[in-house]
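First comes the structure, then the notes that go with it.
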Amino acid sequence: MMTNRDIARTFRDLAEIMELYEENPFKIKSYQNAYISLRKIEQPLADLDAAELSAIPGVGKAISEKIVELVSTGKLALLEQYREKTPVGIQELLTVPGLGPKKLRVLWTELGIESIGELQYAINENRLLELKGFGKKTQADLAEKLVFFQKSRHQFLYAILEPEALRLDEAFRQLLPEEIPLSFAGAFRRRHPIQEEISWLIGDRSALPLLANAALFTVLEQQEDRLRGVSPEGYPLSIYFTDAGSFGSKLFKYTGSDEFLKAFVAGKPGLDFRGLQNEEDVFALAGLPFLLPELRENAASLTPPYPASLIVEAHIRGVIHCHTTDSDGLHSLAEMADYARSLGYEYIGITDHSRSAFYANGLSEERVLAQWAAIDALNQQYHDFRILKGIECDILSDGRLDYRNELLAGFDFVIASVHANLRMDNDKATRRLIGAIENPYTTILGHPTGRILLSRQGYPLDYVKIIDACAANGVSIELNANPYRLDIDWTWIPYAREKGVAISINPDAHSREGIRDIRYGVMAARKGGLSPADCLNTRPWEDFLRRQSVGG
């Protein structure tokens with residue numbers, strides 16, 4: 001069954017390909033509006049009839065009929081017509097973030113470019129400079145986007161693979177005898193944010209034909225001790241097989257990154273790690289403490305001091321960075337608070353967008369005051385829960401914050417983030433962020449690089465200067481837990497810990513369900529060795545406020 005997201009994306013794709021052909025702009029706009037409206041609907045669109053669909057804002061009779069067509073056939077005839085007449089390479093170029101249908105049409109019609117390779121060649125030959133609207137900066141920016149796009153192909157977010165991986169894992173466990181060892185392996189077991197496949201290790205070679213013939217996935221290649229295939233949702237997977245007596249050695253081998261494994265072996269020359277049943281025995285033989293899979297990414301993990309304890313989701317006491325319908329969230333202030341409370345959290349920090357974020361219905365000063373009054377009223381109803389007055393305040397181009405100081409002083413805390421004018425070099429981006437960090441009303445630096453994993457490379461930063469500035473000004477750094485961001489990158493957490501800069505694991509929730517993304521932030525934080533004491537929102541709300549006294 002098609003999900004609401006699938007249906008919404010179909011209308012986005014239709015709008016883009018119609019814009020490529022310069023079709024009726026009013027129809028294009030209607031499909032763009034449908035995309036925006038449909039992805040916000042909670043009730044499954046497949047369960048609604050044509051009349052109910054037509055009543056959705058941004059959806060009329062024509063679009064509701066197309067939704068019914070999509071749900072019943074899995075396709076949209078109009079979109080398929082455009083795809084049939086559009087070269088495959090052009091369709092692929094449409095998926096390159098930042099290119100866009102209008103620019104692509106110029107490249108296609110005036111230079112005859114119909115593939116990524118042709119576009120890269122044209123860039124190398126400076127051919128784009130011949131075109132109206134394409135200058136040196138545009139050409140250089142596009143070249144960078146193409147490199148990033150190609151590097152990101154055939155990669156997946158952990159959060160995207162996880163549901164399919166868990167379904168298959170359960171199916172394997174139902175199929176195999178209980179005594180056969182079975183474990184996730186590879187980058188998936190390490191919970192790396194970016195994945196190339198789902199992998200397992202099974203401690204019984206005789207199980208290979210059983211899984212190969214179980215029709216749980218499509219087998220692409222069968223070797224003596226490995227199956228390679230594709231999951232029902234189309235994701236690549238590998239299953240390795242070994243004897244039970246060597247399960248620990250093999251699990252160690254198939255879990256660690258290449259860098260980690262090379263450093264591990266180089267540090268213990270001559271030791272034979274083969275033939276061990278338990279993974280813990282590998283570390284014991286090397287005279288090292290057992291390192292959890294998340295920590296086996298790089299050689300630095302093997303250098304003491306080793307983390308005494310890693311943060312877990314249960315340590316998080318407060319949900320910081322949540323949006324409501326006052327800006328671009330899907331749920332009201334009360335709904336967000338009640339949902340966080342139902343999940344067992346002790347407090348929530350409401351952080352709608354500031355006034356410059358016009359695209360997200362950012363709050364004017366008058367609307368900020370109205371929200372504060374609403375929060376005060378709701379807090380009167382709670383005895384075991386607290387709503388904190390926060391804001392996600394835009395960092396302007398010159399490093400200033402988006403409100404006057406008198407208003408900023410009234411917030412319980414301020415998350416300062418960059419949302420506009422993202423094209424910056426290292427020096428400009430670093431100076432802009434440090435300007436905000438040095439503002440006495442900034443309490444948390446939000447998603448520091450602005451990256452979107454596999455879609456948008458963040459602007460470059462001098463991380464050392466940024467973290468040092470946070471340490472000097474008592475500013476914490478956000479680990480944005482949205483699985484598309486996970487920003488700050490986990491590799492910089494050790495330096496933040498060294499400098500005494502607290503990390504705040506924040507869901508950046510734009511809906512109630514978005515609060516649950518905290519788990520992905522915790523996964524990333526563990527890779528950086530974050531302990532509960534290093535995390536800002538593991539503290540009671542009173543301690544959180546003492547640490548984050550605005551202007552203090």
Exercise. Between Arg546 and Asp543, is there a salt bridge with N-O shorter than 4.0 Å?
Worked result: yes
For this session: Could you pull out the closest heavy-atom pair between Ala159 and Pro483, with the gap in Å?
Result: CB-CB, 3.5 Å
Exercise. Say you draw a straight line from CG of Asp487 to CG of Leu479; how long is it, rounded to the nearest 0.5 Å?
Worked result: 8.0 Å
Problem set entry | CG on Leu343 to CD on Glu313, rounded to 0.5 Å | 9.0 Å
Exercise. In terms of side-chain heavy atoms, does Thr430 have a donor or acceptor partner in Asp462 at a distance below 3.5 Å?
Worked result: no
Problem set entry | Check: Tyr520 side chain, Pro507 main-chain N or O, donor-acceptor pair, under 3.5 Å | no
Problem set entry | Arg516-Tyr339 side chain donor-acceptor pair, cut-off 3.5 Å | yes
Exercise. Between the side chain of Ser257 and the main-chain N/O of Glu297, is any donor-acceptor distance below 3.5 Å?
Worked result: yes
Problem set entry | CZ (Arg404) with more than 12 external heavy atoms under 6.0 Å | yes
Exercise. Should Asp394 and Arg355 count as an ion pair when the cut-off is N to O under 4.0 Å?
Worked result: no
Exercise. So, the side chain of Arg296 versus the backbone of Phe260: is there a donor-acceptor pair under 3.5 Å, distance only?
Worked result: no
Problem set entry | Donor-acceptor pair, side chain of Lys389 and main chain of Phe411, under 3.5 angstrom | no
Exercise. Quick one: are His154 and Glu196 in side-chain contact, heavy atoms under 4.5 Å?
Worked result: no
Exercise. Can you find a heavy atom in the side chain of Thr351 that is under 4.5 Å from one in the side chain of Asn506?
Worked result: no
Exercise. Nearest 0.5 Å, what's the NE2-CG distance between His321 and Asp517?
Worked result: 11.5 Å
Exercise. Cut-off 3.5 Å, side chains only: do Asn298 and Ser301 have a donor facing an acceptor?
Worked result: yes
Seminar exercise, completed: Looking only at heavy atoms, the pair that brings Ile515 and Cys322 closest together is CG1-SG, 4.4 Å
Exercise. Would you call Asp141 and Lys137 a salt bridge, using N to O less than 4.0 angstrom?
Worked result: no
Exercise. With side chains defined as the heavy atoms from C-beta onward, is the minimum distance between Arg386 and Asn379 less than 4.5 Å?
Worked result: yes
Exercise. Would you say the side chain of Ile415 lies within less than 4.5 Å of the side chain of Ile320, judging by non-hydrogen atoms?
Worked result: yes
Seminar exercise, completed: Nearest heavy-atom approach of Phe134 to Leu128 is CB-O, 3.1 Å
Exercise. Is Ile466 close to Trp492 at the side-chain level, that is, under 4.5 Å between some pair of heavy atoms?
Worked result: no
Exercise. Have Asp338 and Tyr382 got a donor and an acceptor in their side chains that come within less than 3.5 Å?
Worked result: yes
Exercise. Is there a donor-acceptor contact under 3.5 Å from the side chain of Arg39 to the main chain of Asn4?
Worked result: no
Exercise. Is the backbone of Gly318 close enough, under 3.5 Å, to the side chain of Asn537 for a donor and an acceptor to pair up by distance?
Worked result: yes
Problem set entry | Audit row: Leu295, Tyr306, side chain to side chain contact (heavy atoms under 4.5 Å, CB included) steps and yes/no | CA-CA 10 Å; Leu295 299 174; Tyr306 306 108; over 6 Å; no
Problem set entry | Audit row: Trp490, Glu294, side chain to side chain contact (heavy atoms under 4.5 Å, CB included) steps and yes/no | CA-CA 11 Å; Trp490 65 268; Glu294 297 99 308; over 6 Å; no
Exercise. Taking the six-membered ring for Trp, are Phe413 and Phe544 ring centroids under 6.0 Å apart?
Worked result: yes
For this session: Output yes when a side-chain donor or acceptor of Glu438 lies under 3.5 Å from a complementary backbone atom of Asn473, and no otherwise.
Result: no
Exercise. Is the number of heavy atoms from other residues, nucleotides or ligands under 6.0 Å of Lys103 NZ greater than 12?
Worked result: no
Exercise. Passes side chain to side chain donor-acceptor pair (under 3.5 Å), Tyr158 versus Glu162? Steps please.
Worked result: CA-CA 6 Å; Tyr158 174 90; Glu162 186 184 46; 3.3 Å; yes
Exercise. Is any side-chain heavy atom of Glu513 closer than 4.5 Å to a side-chain heavy atom of His331?
Worked result: yes
Exercise. Do Asn361 and Asp328 come within less than 4.5 Å of each other through their side chains, counting heavy atoms only?
Worked result: no
For this session: Kindly give the heavy-atom pair with the smallest separation between Pro532 and Ser309, and that separation in Å.
Result: CD-OG, 3.8 Å
Exercise. Side-chain donor-acceptor pair under 3.5 Å between Asn439 and Thr442, yes or no?
Worked result: no
Exercise. CZ of Phe26 to CD1 of Ile28: how many Å apart, nearest 0.5 Å?
Worked result: 11.0 Å
Seminar exercise, completed: Heavy-atom nearest pair, Ala429 first then Pro460, reads CB-O, 3.3 Å
Problem set entry | Nearest-0.5 Å distance that lies between atom CG in Asp489 and atom CG in Leu453 | 8.0 Å
Problem set entry | Phe149 CZ to Glu92 CD distance, which is reported to the nearest 0.5 Å | 5.0 Å
Exercise. Can you list the steps and then say if Asp427 with Arg431 is a salt bridge (Lys or Arg N to Asp or Glu O under 4.0 Å)?
Worked result: CA-CA 6 Å; Asp427 182 62; Arg431 282 189 285 107; 2.9 Å; yes
For this session: Measure from the ring center of Tyr463 to the ring center of Tyr495 and say whether it is less than 6.0 Å.
Result: no
Exercise. Okay, side chain of Ser504, backbone of Glu478: is any donor-acceptor separation there less than 3.5 Å?
Worked result: no
Problem set entry | Closest non-hydrogen atom pair between Arg485 and Arg451, with its separation | O-NE, 2.9 Å
Problem set entry | Leu99 and Leu107, any side-chain heavy atoms less than 4.5 Å apart | yes
For this session: Could you tell me whether a side-chain N or O of Gln155 sits under 3.5 Å from a main-chain N or O of Ile194, the two making a donor and an acceptor?
Result: no
Problem set entry | side chain to side chain contact (heavy atoms under 4.5 Å, CB included) assessment of Gln457 paired with Thr449 | CA-CA 8 Å; Gln457 200 165 6; Thr449 73; over 6 Å; no
For this session: Scan side-chain atoms only and decide if His353 and Asp326 contain a donor-acceptor pair under the 3.5 Å cut-off.
Result: no
Problem set entry | Thr3 and Asp6: CA distance, side-chain angles, deciding distance, side chain to side chain donor-acceptor pair (under 3.5 Å) verdict | CA-CA 5 Å; Thr3 67; Asp6 294 332; 3.0 Å; yes
